[in-house]
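Proteins come first, then strands; the chains are lettered A, B, ... in the order of their sequence lines, and each starts at number 1. Just so we're clear, the structure is a prediction, and the values are computed from it rather than from any experiment.
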Protein chains: 2
Amino acid sequence: MGLAKTEMFTDEQNEISLFAKVFGHPARVAILQHLFELDSCICGDLVNEIGLAQPTISQHLKELKQLGLIKGNVEGTSVCYCIDKDNWSSMKNIMIKFLDQDIPNTDCC
Amino acid sequence: MGLAKTEMFTDEQNEISLFAKVFGHPARVAILQHLFELDSCICGDLVNEIGLAQPTISQHLKELKQLGLIKGNVEGTSVCYCIDKDNWSSMKNIMIKFLDQDIPNTDCC
DNA sequence: TTGTTTCATTGCAATATTACGATATATAAA
DNA sequence: TTTATATATCGTAATATTGCAATGAAACAA
């Protein structure tokens with residue numbers, strides 16, 4: 001099938017999985033790390049620093065933008081991409097809440 | 001293609017994306033939340049509580065187990081699954097380090 | 001032994017993802 | 001206007017993922 005049955009899960013479960021899915025490719029992780037380190041902000045620089053073709057990077061940027069985690073700013077013929085602080089922060093809260101749960105003490109495993 | 005070019009990314013970037021990918025499906029998020037809440041630990045209970053077929057749940061459990069995030073314990077004819085505390089903890093450190101980076105102050109966006 | 005229960009594995013169809021060449025679009029420069 | 005540069009979009013091939021019916025394997029009960 002290749003199609004997740006989202007209707008049988010909670011909104012929270014679907015939201016966590018959507019955020020996680022966008023981090024589920026090393027190119028998108030690399031793009032975000034570059035934006036965090038600010039050694040590139042312009043789309044073309046990302047294409048040069050990461051070794052993928054320009055349409056591929058553009059496609060990954062689009063997915064990050066669709067989730068609201070980055071935003072783009074046109075500057076002449078080039079586009080500057082940056083982390084969207086507010087949206088990143090609320091995503092972070094949701095993900096950390098999931099990751100940082102207390103692990104129950106069981107005797108079965 | 002459908003194939004990530006992992007050789008062009010750092011080990012850290014690949015590791016983050018592998019962990020994220022396993023959280024990229026709501027069924028696996030749901031399984032983990034059940035294990036955190038301890039209202040089910042036995043594979044068959046998970047099948048009942050989540051609405052997917054038994055082979056599907058079994059496959060998702062396998063992926064979580066392959067990454068070391070859960071471990072299973074055979075009890076008679078049933079199997080008890082639990083979070084692997086140590087591995088979860090080290091995964092958590094890696095993911096939170098990625099999520100909790102300082103966002104640079106730029107004037108471009 | 002035979003049957004039952006529980007879970008894993010296999011095989012396959014449907015869909016999603018990834019990557020990139022070709023091309024379109026938009027801005028700036030000449 | 002023409003040309004160059006930068007990015008987005010389209011189309012498509014290759015591969016991955018999801019879900020489940022059918023089946024297998026293992027432990028227990030009768």
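Ring-plane geometry between His60(A) and His25(A) is classed as tilted, the angle between the planes lying from 30 to 60 degrees on a 0 to 90 degree scale.
Residue His60(A) places none of its side-chain N or O atoms closer than 4.0 Å to OP1 or OP2 of dT17(C). Contact check, Tyr81(B) against dT6(C): no side-chain N or O comes under 4.0 Å of OP1 or OP2. OP1 or OP2 of dC20(C) lies within a sub-4.0 Å distance of a side-chain N or O belonging to Thr56(A).
Distance CZ (Phe23(A)) to P (dT18(C)): 14 Å, rounded to an integer number of Å. dT17(D) atom C1' lies 15 Å from atom CD1 of Ile57(B), rounded to whole Å. Rounded to a whole Å, the CD1 atom of Ile50(A) is 15 Å from the C1' atom of dT18(C). Between the CD atom of Gln66(B) and the C1' atom of dT17(D) there is a distance of 14 Å, given to the nearest Å. The interatomic distance linking Asn73(B) (CG) with dC7(C) (C1') rounds to 14 Å, in whole Å. For Ile70(B) and dC7(C), the CD1 to P distance is 13 Å, given to the nearest whole Å. For Lys65(B) and dA8(C), the NZ to P distance is 6 Å, given to the nearest whole Å.
In this structure the side chain of Phe98(B) never reaches within 4.5 angstrom of the side chain of Phe19(B), judged on heavy atoms. When side chains are defined from C-beta on, Phe23(B) counts as touching Leu69(B), because their heavy atoms get closer than 4.5 Å. Counting heavy atoms from C-beta on, the side chains of Met8(B) and Ile50(A) never come closer than 4.5 Å. The shortest side-chain heavy-atom distance between Lys71(B) and Asn87(B) does not fall under the 4.5 Å cut-off.
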Sugar-phosphate or base contact per nucleotide [nucleotides 11-16 of chain C; S, B, -; heavy atom under 4.0 Å]: --BBBS
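Across all strands, Leu52(A) comes closer than 4.0 Å only to sugar-phosphate atoms, never to a base (heavy-atom distances).
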Anything under 3.5 Å between a protein N or O and an N or O of nucleotides 3-6 of chain D, put it in a table, one pair a line.
unit_1 : atom_1 : unit_2   : atom_2 : d
dA6(D) : O4'    : Thr77(A) : O      : 3.3
dA6(D) : O4'    : Thr77(A) : OG1    : 3.4
dA6(D) : O3'    : Thr77(A) : O      : 3.4

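Taking Tyr81(A) as the reference, nothing meets the ring-ring contact (aromatic ring centres under 6.0 Å, His included) condition, with sequence neighbours excluded.
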Decide yes or no on side chain to side chain contact (heavy atoms under 4.5 Å, CB included) for Ile16(B) and Gln33(A), but give the supporting numbers first. CA-CA 11 Å; Ile16(B) 290 170; Gln33(A) 285 185 336; 4.0 Å; yes
Leu32(B) and Ile70(B): side chain to side chain contact (heavy atoms under 4.5 Å, CB included), yes or no, with the steps? CA-CA 9 Å; Leu32(B) 290 166; Ile70(B) 64 173; 3.9 Å; yes
Going through the distances and angles, do Lys65(B) and Asp84(B) end up as a side chain to side chain contact (heavy atoms under 4.5 Å, CB included)? CA-CA 9 Å; Lys65(B) 205 160 106 180; Asp84(B) 186 309; over 6 Å; no
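Both Gly51(B) and Lys62(A) sit near DNA chain D, but only Lys62(A) has its closest nucleotide nearer the 5' end. Positionally, the nearest nucleotide of DNA chain D for Leu61(A) lies more toward the 5' end than for the other of Leu61(A) and Gly76(B).
Considering only side-chain atoms of Gln54(B), the nucleotide from dT9(D), dA19(C), dA8(C) that sits closest is dA8(C). The nucleotide whose nearest atom lies closest to any side-chain atom of Pro55(A) is, among dA22(C), dT9(C), dT7(D), dA22(C). In this structure, the nucleotide among dT18(C), dA8(D), dA8(C) sitting nearest to the side chain of Glu63(A) is dT18(C).
Sulfur-sulfur distance for Cys41(A) and Cys82(A): not below 2.5 Å, with no disulfide indicated.
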